[in-house]
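Data block below; observations after.
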Amino acid sequence: MEDSIYRGRRLRGSASLRRLVRETNLPTGQLVLPLFVEPGEGVRKPVPSMPGVFRTSVDELVRDALEAQELGLGGIMLFGIPETKDDRGSGAWAADGIVQKALGALKSETPDLVLITDVCLCEYTSHGHCGLVENGVVLNDPTCELLAETAVSHARAGADIVAPSDMMDGRVRAIREALDASGFQQTPILSYAVKYASAFYGPFREAADSTPSFGDRKGYQMDPANAEEALREAFADLDEGADILMVKPALAYLDVIRRVREHTYAPIAAYHVSGEYAAIMAAIERGWLDQRAMLEALISIRRAGADVIVSYWAREFARSRLE
Ligand code: PBG
């Protein structure tokens, strides 16, 4: 071998050299931690399929959020589990709903965290679908109106960003118009623009108690086989006023994240979802993998082109960073 030839190993010889030429980093300020909140006091219930994830009451949620703030995380994503459900999901937009209460409690405590709320009906409807159901079909346009009402009520309660995750057509426009009409022109919309009908949401549905009681979500969420369609969805949401585009799940869709990155100029978020987290955690618990696998997964999402990463491991990541 000639001395002048390229030798990749020259820059791999020490940790400091490797750090010097590292292409991808994961700033904690761009990590978002999902948190589940339910009624009560002093509640902290572990989610069996998601080690390290809990359903908590508002008081405990505030503790978790304060910790997230201390660790320098970018934000939290709130999911509510209401006391009661009905066929319209009215708990979603109730002024005294669980997410609204949580926002009230958090607002003055966590000024450095971006408070993002999940805007969807599936945790609030008795049938578990993301919208109004008539004759077994999820209605699109009437659902958009309810989502808009939900988004406004979140903004009113103190949400910094609203994040519709329902996949109805036209909901970003409906939400933008409603927010503007209510004086919330400055509230950004993080749209779950590219959300697949994925088997990787299983543990979340257990945590949020939102499994559909009949059928599935294939009539509104995307077919996992489609990537071109992701761009149509992304452009549609940008046209309607989305500020940040989310791709979800993340690991099984790294190509889609990259595609959306290359074809749009909006900030991109990616959600490393419950099943993706659970799979790695289960392997760690069995001793089949170690924690570096989670780091590798998160960095791959970043490398694919995501700016914001939603991860159940966000706190662990920030802690391991501080060590
Ligand atoms: C609500 C919603 C879901 C997730 C986020 N928002 C579940 C679903 O669409 O069934 C999944 C998040 C995760 O799996 O971590 N529509």
Side-chain angles (χ1 to χ4, degrees), residues 31-37 47-55 75-82 85 89 91-92 98-99 116-125 127-133 138 140 143-144 146-147 150-151 154 159 161-168 171-172 175 189-224 233 244 246-253 269-282 294 297-298 301 306 308-314:
L31 288 178
V32 171
L33 176 71
L35 291 173
F36 300 94
V37 60
V47 178
S49 52
M50 298 171 75
V53 177
F54 301 85
R55 281 165 57 153
I76 57 172
M77 174 99 97
L78 284 180
F79 293 94
I81 302 124
K85 305 183 187 230
I98 184 66
V99 164
I116 307 171
T117 55
D118 183 73
V119 175
C120 196
L121 302 185
C122 62
E123 295 117 71
Y124 302 90
T125 50
H127 45 69
H129 275 290
C130 301
L132 286 175
V133 171
V138 177
N140 194 86
T143 297
C144 289
L146 301 182
L147 293 166
T150 303
H154 288 177
I161 295 183
V162 292
S165 67
D166 53 283
M167 288 301 278
M168 298 301 125
R171 91 278 208 213
V172 173
I175 289 172
I189 299 175
L190 187 168
S191 160
Y192 287 67
V194 183
K195 178 171 175 178
Y196 289 92
S198 171
F200 285 102
Y201 307 149
F204 171 95
R205 292 182 188 167
E206 183 186 31
D209 190 18
S210 66
T211 307
S213 60
F214 66 91
D216 51 41
R217 303 209 203 288
K218 289 179 186 160
Y220 39 107
Q221 299 180 348
M222 285 174 60
D223 181 342
E233 286 285 352
I244 303 175
M246 177 117 90
V247 175
K248 177 187 171 190
L251 279 192
Y253 300 88
Y271 200 144
H272 186 236
V273 301
S274 57
E276 299 181 298
Y277 171 82
I280 295 177
M281 289 305 282
M294 193 71 85
L298 295 182
I301 298 167
V308 180
I309 298 177
V310 184
S311 162
Y312 297 96
W313 212 63

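These values consider heavy atoms only, across backbone and side chains, with no hydrogens, waters or symmetry-generated copies. Numbering of ligands and ligand atoms starts at 1, following listing order.
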TODO: Compute the minimum heavy-atom distance from His272 to ligand 1 and say whether it is under 4.0 Å.
DONE: no
Task: Identity of the nearest option to atom 16 (N) of ligand 1, non-hydrogen atoms only, from Lys195, Arg217, Met77, Met50 - done: Lys195
TODO: Identify which one of Val162, Val32, Ile161, Val310 satisfies the side chain to side chain contact (heavy atoms under 4.5 Å, CB included) criterion when paired with Leu190.
DONE: Ile161
Open item on the list: Quick one: does any side-chain atom of Arg171 pair with a main-chain N or O of Leu147 as donor and acceptor, under 3.5 Å?
Closed with: no
Open item on the list: If the contact criterion is a heavy-atom separation under 4.0 Å, does Lys248 count as touching ligand 1?
Closed with: yes
Task: Element-labelled atoms of ligand 1 that are located less than 4.0 Å from some non-hydrogen atom of Ser165 - done: 1 (C), 2 (C), 6 (N), 16 (N)
Task: Taking atom 14 (O) of ligand 1 as the reference point, the nearest protein heavy atom with its distance - done: Ser274 OG, 2.7 Å
Open item on the list: Would Tyr277 count as a contact residue for ligand 1, given that I'm defining contact as a non-hydrogen atom of the residue lying under 4.0 Å from a ligand atom?
Closed with: no
- [ ] With rounding to the nearest 0.5 Å, note down the distance linking CZ in Arg217 to SG in Cys130.
- [x] 4.0 Å
Name every donor-acceptor pair, under 3.5 Å, that has one atom in a side chain of residues 116-125 and the other anywhere in the protein, sequence neighbours excluded.
unit_1, atom_1, unit_2, atom_2, d
Thr117, OG1, His154, ND1, 2.8
Asp118, OD1, Ser165, OG, 2.9
Asp118, OD1, Tyr192, OH, 3.3
Asp118, OD2, Ser165, OG, 3.4
Thr125, OG1, Leu121, O, 3.4
Thr125, OG1, Gly128, N, 3.2
Thr125, OG1, His129, N, 3.4
Thr125, OG1, His129, O, 2.8

Task: atom 10 (O) of ligand 1: nearest protein contact (heavy atom, Å) - done: Arg205 NE, 2.6 Å
TODO: Could you tell me whether a side-chain N or O of Arg55 sits under 3.5 Å from a main-chain N or O of Val47, the two making a donor and an acceptor?
DONE: no
Task: Check: Glu123 N/O within less than 3.5 Å of ligand 1 N/O - done: no
- [ ] Please confirm whether the backbone N or O of Ala197 pairs with a side-chain atom of Tyr220, one donor and one acceptor, at under 3.5 Å?
- [x] no
Open item on the list: Under 4.0 Å, heavy-atom basis, I'd like to know which part of Asp118 is in contact with ligand 1: side chain, backbone, both or neither.
Closed with: side chain
Open item on the list: Quick check: Gln221 and ligand 1, any N/O pair under 3.5 Å apart?
Closed with: yes
TODO: Check ligand 1 against Cys122 and write out every atom of the ligand that is under 4.0 Å from a heavy-atom position of the residue.
DONE: 1 (C), 16 (N)
Task: Nearest-neighbour protein heavy atom for atom 15 (O) of ligand 1, which is reported as residue plus atom name and distance - done: Tyr312 OH, 2.6 Å
Open item on the list: I'd like to check which ligand 1 atoms, numbered from 1 as shown, lie under 4.0 Å from a non-hydrogen atom of Tyr271.
Closed with: 12 (C), 15 (O)
TODO: Answer yes or no for Met167: is there a heavy-atom contact with ligand 1 below 4.0 Å?
DONE: no
Task: Distance under 6.0 Å and angle within 45° of ring axis: Lys248 vs Tyr201 - done: yes
Open item on the list: Working to the nearest 0.5 angstrom, can you tell me the gap between Asp209 CG and Lys85 NZ?
Closed with: 4.0 Å
Open item on the list: Rounded at 0.5 Å granularity, tell me how far CE in Met167 sits from OH in Tyr196.
Closed with: 8.5 Å
